[in-house]
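Have a look at the structure below before the remarks.
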Amino acid sequence: MDESERRERLADIAPDLLEELEAEEEADDRVLPDLPNAEEGEVVMRAAPNPNGPWHLGHARMPAVIGTYKERYDGEFICRFDDTDPETKRPDLDAYDAILDAIAFLGFEPDRVLRASDRLETYYDHARELIDLGGAYTCDLSGERFSELKNAGEPSPNRDKDPETVREEFEAMVAGEYGAGEMVLRVKTDIEHPNPALRDWVAFRMVDTPHPRPEAESYRCWPMLDFQSGIDDHLTGVTHIIRGIDLQDSAKRQRFVYDYFDWEYPEVLHWGHVQLDEYDVKLSTSTIKALIDDGELDGWDDPRAPTLASVERRGIRGEAIVESMTELGMSTSDVDLAMSSIYANNRDLIDDDANRYFLVRDRPDDPAVVRDIVGGPETGQPPLHPDHEERGTRTIPAGRVRLESSDLPASGGQVWLKGFGCVRHIRDAFEYVGDDISMVREGDVPVVHWAPAEEGLETLMRTVEGDVRGYAEPDVADADVDDVVQFERVGFVRIDSFDPEPSDTDAGPTGEEDLVAYYAHP
RNA sequence: GCUCCAGUGGAGUAGUGGCCAAACUCACGACCCUCUCACGGUCGAGCCCCCGGUUCAAAUCCGGGCUGGAGCACCA
């Protein structure tokens with residue numbers, strides 16, 4: 001029975017329970033506050049990523065929230081790549097698709113995908129119009145010199161240039177007749193505005209480095225974010241802008257342009273930065289990129305990297321991330337997101353489907369040890385899932401077994417090998433005691449996982465803290481690549497590959513392994 | 001220095017003048033269940049930044065502090 005069939009059944013036998021269930025779910029969806037001035041079917045929002053690298057976990061918040069609001073209001077979700085800096089934050093040509101993949105992984109699909117670098121002529125046209133309205137002037141002051149004047153509340157000497165000259169000089173900018181730093185176009189705001197951040201800001205500057213996209217490589221005169229984004233938000237009908245507090249002055253800057261054009265500014269919401277616990281690596285595209293370039297990380301999906309590609313490979317569902325991100329709400333203060341919250345959401349999603357297997361870890365501080373079993377059955381037969389007996393059992397050869405040394409009982413002590421029975425540790429062997437479960441229920445016999453010494457699969461388990469080696473029971477081979485399973489008493493993992501190719505970095509498989517699994521969480 | 005924003009248990013959020021000696025999720029501790037340290041269940045510890053003011057009544061409104069964050073780029 002799938003979800004909808006179950007619901008139909010429930011509607012038949014207990015309509016009030018179904019109603020209750022739906023009311024609860026409705027409430028769960030309401031973790032985000034309502035959008036101001038939002039009308040059903042009229043809401044348009046955009047995510048405006050800079051494609052200067054694949055996404056880290058923090059980036060998931062924007063599509064998670066926009067996607068959730070889109071569903072609530074039957075709105076529109078635009079993905080606009082703000083790729084207007086060919087130099088300092090140079091776009092990575094692979095990142096455009098990597099970002100769209102990440103959005104899909106989170107379970108959303110943008111209604112429209114735009115690239116700012118396709119839209120330069122539009123920005124130029126609006127700049128010309130702004131110049132004609134007396135709202136902008138070309139300025140050849142150095143950034144440093146202008147900053148001095150600005151901080152003193154003094155205007156640039158270029159501020160009152162006649163519009164003809166401004167127009168000519170701007171056309172020269174567009175034609176690429178200036179080099180970087182020689183000329184900018186400034187928006188005329190208020191040079192004595194109390195907030196220095198708003199005074200006559202730069203709308204266009206010259207960049208010598210060609211854009212990496214062939215379609216845009218001939219442009220040299222590039223708009224700044226506040227101009228480009230402001231124009232695009234209006235032109236694409238954005239009704240609600242959501243952005244970080246680092247851009248809290250953007251709306252105020254852009255309003256000057258909107259006022260010149262007599263446009264109405266969208267609703268704006270700001271939020272703080274997201275910090276993550278659990279990772280050693282900073283949530284920063286450039287930091288992660290540098291670590292990959294230095295070979296400290298294997299790539300964007302290295303389990304140690306706080307990226308979306310990484311958690312996807314670990315078997316964490318996009319839905320779990322979306323839930324945690326929307327639970328953060330819309331507060332403007334910085335927030336710390338606990339990975340455990342994502343893990344808890346994910347566990348809810350996967351626990352029922354994840355079959356159980358054993359992995360005996362072989363770690364330097366807790367090495368795997370081998371013991372012969374004297375007596376007892378040939379095999380152990382634990383269930384694939386404790387809540388689903390119909391799935392059947394696994395078969396684990398006994399006789400000679402391996403377990404983690406911290407699970408090894410003291411000499412004379414007993415231990416219950418899960419799915420097999422109770423053994424006593426005598427000298428360097430296990431003596432079969434029996435399979436009367438009351439020894440576990442009433443006695444103090446600990447229950448442990450184990451693997452066969454000979455038939456076990458040599459396994460590499462890749463975790464956030466680094467690689468762990470061990471031996472998995474042979475029936476793990478019945479699982480498929482991409483399956484999420486639980487290694488009992490260890491945690492949930494995603495089956496990544498069987499008989500892997502060796503990796504060319506320090507971490508990762510050597511090629512000797514039978515199995516590579518990526519660790520998700522306990 | 002100037003300008004903005006925010007401060008509720010360990011993390012996140014709810015509460016926007018009385019129903020709040022404060023709720024929910026995660027984490028934590030104990031116990032129950034269990035052939036897993038998963039799942040499920042019960043219980044527990046732990047919070048309104050400070051000082052004033054308004055009010056019969058303040059987590060909630062006002063003022064002042066303090067603390068934290070952001071911007072003042074020819075980055076996004």
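Just so it is clear: chains get the letters A, B, ... in the order the sequence lines come, proteins before strands, and each one is counted from 1.
Within the 4.0 angstrom heavy-atom criterion, base atoms lie near A:Pro386. Among the heavy atoms of the strands lying under 4.0 Å from A:Val202 are primed sugar atoms or P, OP1, OP2 only; no base atom is included. Across all strands, A:Asn195 comes closer than 4.0 Å to base atoms (heavy-atom distances). When heavy atoms are screened at a 4.0 angstrom cut-off, A:Ser229 is found touching no nucleic acid atom at all. Base contact: A:Asp246 has a heavy atom under 4.0 Å from a base atom. Looking at heavy-atom distances under 4.0 Å, A:Ser250 makes no contact with the nucleic acid at all. Using a 4.0 Å heavy-atom criterion, one finds that A:Ile437 contacts the bases of the nucleic acid, with or without backbone contacts as well. A:His270 comes within 4.0 angstrom of nothing in the nucleic acid, heavy atoms only. Residue A:Phe492 is classed as a sugar-phosphate contact, given heavy-atom separations below 4.0 Å to backbone atoms only. Residue A:Arg199 is classed as having no contact, given no heavy-atom separation below 4.0 Å to the nucleic acid. The residue A:Gly272 sits apart from the nucleic acid: no heavy atom pair falls under 4.0 Å. Within the 4.0 angstrom heavy-atom criterion, no nucleotide atom of any strand lies near A:Met183. The residue A:Leu141 sits close to a base: some heavy atom pair falls under 4.0 Å. Note on A:Ser324: nothing from the nucleic acid sits closer than 4.0 angstrom, heavy atoms only.
No more than 12 heavy atoms of other residues, nucleotides or ligands shown are found within 6.0 angstrom of CG on A:Asp444.
When rounded to the nearest whole Å, the span between CH2 of A:Trp222 and C1' of B:A73 equals 18 Å. Distance CG (A:Asp336) to P (B:A6): 19 Å, rounded to an integer number of Å. The distance between atom CH2 of A:Trp271 and atom C1' of B:G12, rounded to the nearest whole Å, is 15 Å. Per the geometry, NZ belonging to A:Lys252 stands 13 Å off C1' belonging to B:C2, to the nearest Å.
Taking each heavy atom of A:Asp334 and A:His273 in turn, the nearest pair found is OD1-N, 2.9 Å. A pairwise comparison of heavy atoms in A:Pro223 and A:Leu120 identifies CD-CD1, 3.7 Å as the closest pair. Contact between A:Thr379 and A:Pro397 at its shortest, heavy atoms only, is CG2-CA, 4.1 Å.
For the P atoms, the distance linking B:G9 with B:U60 amounts to 14 Å, nearest Å. On the P atoms, B:C50 is 11 Å away from B:A59, given to the nearest whole Å. Nucleotides B:A21 and B:C47 are separated by 12 Å at their C1' atoms, to the nearest Å. Across the P atoms, B:C28 and B:C37 are found 14 Å apart, a figure rounded to whole Å. A distance of about 25 Å separates the P atoms of B:C49 and B:G44, rounded to the whole Å.
One N or O donor and one acceptor, one from the side chain of A:Lys89 and one from the base of B:C75, sit under 3.5 Å apart. A donor-acceptor contact under 3.5 angstrom links the side-chain atoms of A:Gln248 to the base of B:A70. Contact of A:Arg489 with B:A38 (side chain to base): no donor-acceptor pair of N or O atoms is detected under 3.5 Å.
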task: Could you walk me through whether A:Arg46 and A:Asp233 pass salt bridge (charged side-chain N to carboxylate O under 4.0 Å, His left out), step by step?
output: CA-CA 8 Å; A:Arg46 86 303 196 271; A:Asp233 285 339; 2.7 Å; yes
- request: Walk me through it: do A:Asp478 and A:Arg394 pass the test salt bridge (charged side-chain N to carboxylate O under 4.0 Å, His left out)?
  value: CA-CA 10 Å; A:Asp478 294 342; A:Arg394 306 112 67 184; over 6 Å; no
field: Strand RNA chain B as a dot-bracket string - pairs counted if Watson-Crick or G-U with both distances under 3.5 Å, | where the partner lies in another strand
entry: ((((((((.[[[[.)..(....]]]].(((((.......)))))....[[[[[..)....]]]]])))))))....
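Between A:Phe420 and A:Thr88, the one whose closest nucleotide on RNA chain B sits nearer the 5' end is A:Phe420.
Picking from B:C39, B:A6, B:C26 the nucleotide with the shortest atom distance to the side chain of A:Ser341 gives B:C26. For A:Ile245, the listed nucleotide lying nearest its side chain is B:A70; candidates were B:C72, B:A76, B:A70.
A:Glu404 and A:His449 are linked by a side-chain donor-acceptor pair at a separation below 3.5 angstrom, with hydrogens and angles left out of the test. Using modelled atom types and a 3.5 Å distance limit, the side chains of A:Asp83 and A:Tyr96 yield a donor-acceptor pair.
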Donor-acceptor contacts, no H, no angles, side chain residues 274-282 of chain A, under 3.5 Å, sequence neighbours left out:
from: A:Asp277; atom 1: OD1; to: A:Met339; atom 2: N; distance (Å): 2.8
from: A:Glu278; atom 1: OE2; to: A:Tyr343; atom 2: OH; distance (Å): 3.3
from: A:Tyr279; atom 1: OH; to: A:Arg314; atom 2: NH1; distance (Å): 2.9

